[in-house]
Amino acid sequence: MQTDRHLQSAGRAPGRSINYRRRAEIFRWLHRAVILAGSLAVMLVVLSPVAWLVSSSFQNEAEIVSVPPHWIPDQPTLKNFKAIFAATGDETVTYETRNKQDPASGDYIPSTAGNLLPAMANSFIVATLVVILNLLVGIPAAYAMAKIRFYGRNGSIYFILTTRVIPDIALVVPFFLVIKNLGLLDHILSLVITYLAITVPFTVFILIQYFEGLPDELDKAARVDGCSRFQSLTRVFLPLAMPSLVAVILFAFLTSWNEFLLALMFTQTAASQTLPIVLASFTSDFTISFSFINAAGLLAIVPPVIVAIVFERYIVSGLTAGAVKG
Amino acid sequence: MARILFENATKRYPNGFVALENLNLEIKDKEFVVLLGPSGCGKSTTLNMIAGLEEISDGNLFFDDENVNFTPPHHRDVAMVFQSYALYPHKTVYENIAFGLMMRKHPKDDIDRRVRDAAERLEITHLLERRPSQLSGGQRQRVALGRAMVRQPAVFLMDEPLSNLDAALRISMRAEIKELHRSMQTTFVYVTHDQAEALTLADRIVVMKDGVVQQIGTPDEIYEHPANMFVASFLGNPPINYLEGVLQVEGDKVEFLRGDTRLAFPADRAKALLDMNGRKVKLGIRAEDVDERAEAADGEVVAGTVTSVMPVGSDQFLGLKVEGEELFFRVNKDLRHDYGDRIRLSANTARLHVFDAETEASLIG
Ligand SMILES: Nc1ncnc2c1ncn2[C@@H]1O[C@H](COP(=O)(O)OP(=O)(O)OP(=O)(O)O)[C@@H](O)[C@H]1O
Ligand SMILES: [Mg+2]
């Protein structure tokens, strides 16, 4: 009788008890599957326009408008890129040059195609200068405001931030007057100066946030260890601030690379025009070659992508762990 | 190699908070001075001022005869162990310790020798290649200690350098620090709120409260002749007991009266109290200043009911209800007591303390 009951309960036990190990395993797989599906969905949304940009830049005008669209070009062509790289310099648009090719055949190349590469160079120079100057100005400013107590410290932080509350469009006219009086119209320096005005406040703000997050004691320890303020900044703070510096670099670079409004106001010729302006000019002709614009667009995103890839690996988190008592 | 002199030094933080008021303190060359006080009393502030990390709002600070009010930290020859360690997270333990020497342009092999030497003394040699984030709290603290140790500064500042170590390590590190002071022959300023640490390490102790120095003296002076009730309470474990009552002076005989308790002061203590007949006072009896086996003579008796018994290994703490107040004494553990027992202890009247009931200042030097 006793053994009977014993057997019974022993037999029932596995059936009734829940197999937690199996459950955990299933849950883990489910978890992975959901994350994978989610990232695929996000990737699809983000990358499909880029994929279309790439694909269509190798198609000719006839193929690009075919229905359904060809994701893989039937007859890939380098015609658009050839036009960009072969074209020579600054061309003035006249009624005659405007219709060099027959738009109906789809072989249309805008007359200003040759301006694209110089514009890219302009954009790159402007963006690089803006990045460098941002760091030169922003780092010391942020260190001072984050780690040195002086009268008017809070006031200056607020002031710097309020300059960013004003919309750019409101600043265009004052900027224009300043640039004109400086004699810098149609010169890339005009862009460098005005982009700095736009980006430096953000740079300072981001870096202040980061520096303030670094313990004061690190600064003090460095000072006692024999660093001047400047050495404390370069030897202790900058290595630790890498992630925020990268954020600043990317921000300043991309802002300058993409800026349109001010560039439109201050530049007039290919000598100073930047990429967004030249890209936009391709649509202002009577006819638009979508495949050509897409090829130009593809070239336009290459430098930012390279910059992002180069700096991405410096974005590491948890760099400050272990500095002070947990 | 440096005497430190604070002259009417005051620290006012930008928010208006006065962290340190009118500090006058002379730290002699090669002296080991401990700043002792409860949290927030201004100990770290004082250290920071010596290091040059906080400006002095008022008054003067001298190193030897040189006014250093405005000398930046990297031009003062100080090393400091920070309360929060402040290790450089991006450097290895080795680089952390070497950094101060590197900034002062020591030759490489000299740096290496000193770093390894310090690491050995601190038993962290096996950690030299790690980063601070891979260390335990106690290990980090020892690295912080090592970073200061390798330097040969004129002034050595330590802000609670042992607070995160376990009891055994703390005791052995105390000895290590004492030895460090002996071998380095420099001025040490050491901050702690652990009275035992202060008593063992210090040549002189500075007891602080709310930014005001309460007493400066050798450990013995501070313990035996506390200037006021705050100082008396801060040292001793369990803390000193207080009993409020009045003084009665008859000729050259002075007694403390409270209910049935009557304690007579010996002649040397009585001297200072002769003109204080009827004065309301607080009597201070240290926990260890009683004996329960001695035959209590008249004027030495503290009698009460046992309210708690706490063995602490070597001996036991006894809670005793005396005149309605609960006092704690440290007595021999051979004798057994039970709750509610009525017992008589013999007080060591030569070690009684008397404080003014109002001002809380000591009435006997
Ligand atoms: N930057 C500051 N601004 C305003 N008040 C401050 C500042 N730093 C410290 N204080 C105040 O000054 C007082 C003394 O601070 P301090 O750090 O010297 O205390 P401490 O004695 O070292 O205490 P603990 O034992 O907790 O470390 C505290 O009341 C603190 O709140
Ligand atoms: Mg402190």
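To find a chain, count down the sequence lines: A is the first, B the second, and so on, and within it residues start at 1.
- The contact between A:R223 and chain B is made by backbone and side chain atoms together, counting heavy-atom distances below 4.5 Å.
- Remark: B:R76 does not engage B:E66 in a salt bridge, criterion side-chain N to carboxylate O under 4.0 Å.
- Using a 4.0 Å cut-off between a side-chain N of Lys or Arg and a carboxylate O of Asp or Glu, B:D112 and B:R116 qualify as a salt bridge.
- Inspection of non-hydrogen atoms places no residue of residues 118-131 of chain B under 4.5 Å from chain A.
- With salt bridges taken as basic N to acidic carboxylate O contacts below 4.0 Å, one links A:D225 and B:R151.
- B:Y88 and B:E95 share no side-chain donor-acceptor pair at under 3.5 Å.
- If you measure heavy-atom distances from B:Q139 to chain A, you find no contacts under 4.5 Å at all.
- The 12-atom threshold is not exceeded at CZ of A:F159, counting heavy atoms of other residues, nucleotides or ligands nearer than 6.0 Å.
- A donor-acceptor contact closer than 3.5 angstrom is absent between the side chains of A:E217 and B:Y85.
- A:D219 pairs with exactly one of A:R229, A:K147, A:R235 by the salt bridge (charged side-chain N to carboxylate O under 4.0 Å, His left out) rule, that one being A:R229.
- Defined by atom type and a distance below 3.5 Å, a donor-acceptor pair is present between the side-chain atoms of A:N134 and A:T203.
- At a heavy-atom cut-off of under 4.5 Å, chain A is reached by B:N48, B:A51 from residues 42-51 of chain B, listed in order of number.
- The residues B:K11 and B:D58 are annotated as not salt-bridged, no charged nitrogen and carboxylate oxygen being separated by less than 4.0 angstrom.
- A salt bridge links B:R113 to B:D110: one of the charged nitrogens lies within less than 4.0 Å of a carboxylate oxygen.
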